[in-house]
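Handing you this structure, nothing more for now.
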Amino acid sequence: MTLARKRVTARFYLSPILVPTSHSFWYNIRMKMNRLVASFCSLIFLLVTFSFAQEKASPSAGLALTPPMGWNSWNKFACNVSEDLIKGMADAVVKSGMKDAGYIYVNIDDCWQVSRNASGNIVADPQRFPHGMKAVGDYIHSLGLKFGVYSDAGSKTCAGRPGGLGHEYQDAIQYAAWGVDYLKYDWCNTTSQDAKASYANIRAALDASGRPIVLSICEWGSNKPWLWGKEVGGNLWRTTGDISDRWGGKQKWPDGSCCSDGVLAILDEQVGLQSYAGPGHWNDPDMLEVGNGGMNDTEYRSHFSLWAILAAPLIAGNDLRNMKPEIHDILTNKEVIAIDQDALGREGERVAKNGDLEVWAKQLKDGSRAVVLLNRSESEQEITANWEDLGYPKTISASVRDLWEHKDLGKMSGKFSARVAPHGVVMVTVKP
Ligand code: GLA
């Protein structure tokens with residue numbers, strides 16, 4: 001081959017789509033080269049697409065696109081958990097209409113575990129869970145629900161049961177084999193552990209199991225998990241200490257340490273966190289106390305409305321087997337639940353405050369707003385939501401609908417005012 005021929009060949013490597021001018025020996029060579037280059041490009045394209053798909057194929061991708069909804073044993077039953085209790089509660093989720101309203105996860109909190117065996121595998125309490133954890137998971141799944149368990153990033157759980165430290169991958173494989181769909185991971189007995197690294201580690205372990213598992217980070221806001229929770233693959237993170245079944249204030253724990261929080265104390269701690277929440281990753285102001293007896297129905301309605309406007313996970317914590325109708329109606333108010341579950345995934349925020357009178361608002365996917373008028377005082381008060389506080393010009397007219405009365409209130413211009421009961425809310429949507 002001459003030098004001139006070599007130069008021609010090189011030109012066609014660089015210009016594979018040049019159109020040949022004559023049907024000759026060189027025409028055939030060029031066509032072959034073009035085909036070769038085209039195949040090479042397709043191969044590169046496939047490889048890039050494949051490796052991109054591999055990266056995106058984390059089993060946990062796409063979980064919790066709206067705030068998780070379900071039930072958890074802790075607030076009502078603490079360590080008193082058993083197979084019978086959990087199965088009974090799963091039945092009640094279905095029979096009560098909670099499943100139909102969107103409550104899907106049935107989560108066993110602390111105390112299901114008693115020890116580790118000689119291989120280091122976690123052992124469920126054989127008295128309380130005589131058929132093992134897989135049987136419980138299978139039962140929950142047979143009802144079309146999902147199964148959650150609890151562990152801890154440290155050496156022991158908060159109730160002193162074996163924690164996950166050093167067993168993350170072993171436990172993740174075990175959970176996946178039991179069919180676990182949701183893991184709440186606590187922060188007791190973690191001594192000098194780094195929170196972000198610890199939660200990244202358990203997420204990696206869960207993903208390595210191959211099963212999609214929601215990760216609920218429960219480190220009480222101590223290390224500002226809203227700053228890193230999404231990055232480490234957390235789907236929700238507690239923003240505060242434990243809730244207690246109270247309207248106001250904080251209360252010391254029996255050992256004198258501080259504190260469990262009432263609903264208002266938790267609410268105040270959410271201010272300023274709204275930008276960290278979104279589809280797949282939520283601020284968690286803790287589980288619901290609705291129906292546990294410490295508040296009146298007005299206060300429970302407020303608690304539920306505020307959690308919905310905060311786009312909080314709605315994890316009921318009461319005994320669903322015998323709810324009074326008023327509690328059932330709060331937990332299954334589909335209009336309020338729809339605000340929590342709105343697909344835009346915006347967390348609401350406090351947009352106006354005048355002493356004990358507050359306005360909270362949440363932008364919804366269709367451009368309308370959900371609004372809670374909250375009266376923290378001890379007497380009935382009139383509260384006004386101004387359109388400008390909701391991000392609308394005051395001149396527009398908007399349709400207002402009451403989500404507890406299930407009633408259209410008509411078109412209003414510039415503002416909406418209502419009289420609100422002590423410790424109560426009025427919750428509406430405002431749609432221009
Ligand atoms: C911590 C958590 C609670 C609960 C208990 C269980 O206090 O914050 O939600 O899980 O541990 O021991």
Side-chain angles (χ1 to χ4, degrees), residues 70-90 105-141 146-195 197-211 213-220 238 242 253-255 257 287 315 317:
W71 177 88
N72 171 294
S73 53
W74 185 256
N75 284 353
K76 173 74 181 172
F77 298 97
C79 269
N80 201 11
V81 287
S82 67
E83 177 179 317
D84 285 347
L85 176 87
I86 301 301
K87 285 166 87 172
M89 216 58 72
Y105 293 98
V106 176
N107 297 346
I108 313 176
D109 208 279
D110 209 346
C111 302
W112 59 267
Q113 62 287 70
V114 281
S115 59
R116 289 193 180 273
N117 67 17
S119 316
N121 289 324
I122 191 78
V123 176
D125 185 329
Q127 261 84 51
R128 289 174 173 269
F129 294 92
H131 301 97
M133 298 298 274
K134 183 169 184 318
V136 179
D138 286 349
Y139 186 79
I140 290 171
H141 289 147
K146 290 182 182 281
F147 175 35
V149 292
Y150 160 103
S151 187
D152 187 290
S155 54
K156 286 187 175 160
T157 70
C158 295
R161 305 301 173 95
L165 183 62
H167 295 274
E168 293 84 359
Y169 282 74
Q170 184 174 20
D171 286 348
I173 290 168
Q174 180 67 88
Y175 298 153
W178 289 340
V180 166
D181 305 295
Y182 183 118
L183 175 67
K184 174 176 169 184
Y185 217 50
D186 216 336
W187 191 239
C188 278
N189 305 299
T190 45
T191 60
S192 62
Q193 278 174 246
D194 177 71
S198 301
Y199 285 100
N201 193 26
I202 188 65
R203 166 48 80 201
L206 293 174
D207 282 358
S209 79
R211 189 171 172 86
I213 298 179
V214 169
L215 175 59
S216 158
I217 294 176
C218 178
E219 66 77 74
W220 326 308
R238 282 273 296 280
D242 287 10
W253 292 107
D255 69 0
S257 64
M287 303 171 293
I315 307 292

Other residues, nucleotides, ligands: >12 heavy atoms within 6.0 Å of Lys156 NZ: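 Atom NZ in Lys156 is not crowded, with 12 or fewer foreign heavy atoms closer than 6.0 Å.
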
Non-neighbouring partners of Gln170 that pass side-chain contact (heavy atoms from CB on, under 4.5 Å), sequence neighbours left out: Asn121, His167

Donor-acceptor pair, side chain of Ser73 and main chain of Asp109, under 3.5 angstrom: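 Present.
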
Polar side chain donor-acceptor pair, Asp255 to Ser257, under 3.5 angstrom: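 Yes - a donor-acceptor pair under 3.5 Å links their side chains.
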
Check: Asp152 side chain, Gly163 main-chain N or O, donor-acceptor pair, under 3.5 Å: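 Not a single qualifying donor-acceptor pair exists.
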
Ring geometry between Tyr105 and Tyr182 (parallel below 30°, tilted from 30 to 60°, perpendicular above 60°): tilted

Atom of Ala159, atom of Asp110 and distance for their closest heavy-atom approach: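 Taking Ala159 first and Asp110 second, the nearest heavy atoms are N-OD2, 2.9 Å.
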
Min side-chain heavy-atom separation His141-Phe147 under 4.5 Å: yes

Side chain to side chain, Lys76 and Met89, heavy atoms closer than 4.5 Å: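 Sidechains of Met89 and Lys76: no contact.
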
Heavy-atom closest pair, residues Tyr199 and Asp186: OH-O, 3.2 Å

Closest approach of Arg161 to Gln113 (non-hydrogen atoms, all atoms of both residues):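 For Arg161 versus Gln113, the nearest heavy atoms are NH1-O, 2.9 Å.
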
Any donor-acceptor pair under 3.5 Å from Glu83 side chain to His131 backbone: yes

Test: Asp171 and Arg116 ion pair at under 4.0 Å: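 Salt bridge between Asp171 and Arg116, a charged N being under 4.0 Å from a carboxylate O: yes.
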
Salt bridge (Lys or Arg N to Asp or Glu O under 4.0 Å) between Arg211 and Asp181, intermediate numbers included: CA-CA 8 Å; Arg211 189 171 172 86; Asp181 305 295; 2.6 Å; yes

